[in-house]
Amino acid sequence: EERVVGIHVIGMGADEMMQGFGVAMKMGATKADLDSCVAIHPTASEELVTMGTWGTSPQVSGAKVSPLNGAAAVEPDVKSKM
């Protein structure tokens with residue numbers, strides 16, 4: 001049994017995501033419980049219920065420079081291309 005003992009999320013909408021996952025943790029949620037959820041797509045919170053086994057999935061990123069290494073965060077371009 002892999003009981004969930006902590007969840008960390010950083011970014012926009014993290015406060016909204018954490019409320020639901022906090023309740024799940026308080027109720028004793030396990031990794032299997034998260035795995036059995038249907039992910040709402042496209043949302044950031046889908047990442048928390050579609051995680052594979054730690055260390056087995058390849059880490060692929062389109063980022064040229066990690067914001068964690070001092071690069072400035074870039075806001076997405078939301079201008080209509082119509």
### Task
For Ala39, check side-chain contact (heavy atoms from CB on, under 4.5 Å) against everything at least two apart and list the hits.
Glu46, Val49, Thr50
### Message
Suppose we screen for side-chain contact (heavy atoms from CB on, under 4.5 Å). Which residues come up paired with Val38, at least two apart in sequence or across chains?
### Response
none
### Query
In Å and rounded to the nearest 0.5 Å, what is the CD to OG1 distance from Glu2 to Thr30?
8.0 Å
### Summary
The reported gap from CG in Leu34 to CE in Met25 (rounded to nearest 0.5 angstrom) is 10.0 Å
### Message
For a quick test of reading the model, state the closest non-hydrogen atom pair linking Lys31 to Val4 and the distance between them.
### Response
N-CG2, 4.0 Å
### Query
Nearest heavy-atom pair of Asp33 and Gly28: which atoms, and what distance?
OD2-O, 4.2 Å
### Residue pair Met17 / Val9, side-chain heavy-atom distance below 4.5 Å
yes
### Qualifying salt bridge (Lys or Arg N to Asp or Glu O under 4.0 Å) pairs with a residue from residues 9-20, counting only residues at least two apart or across chains
none
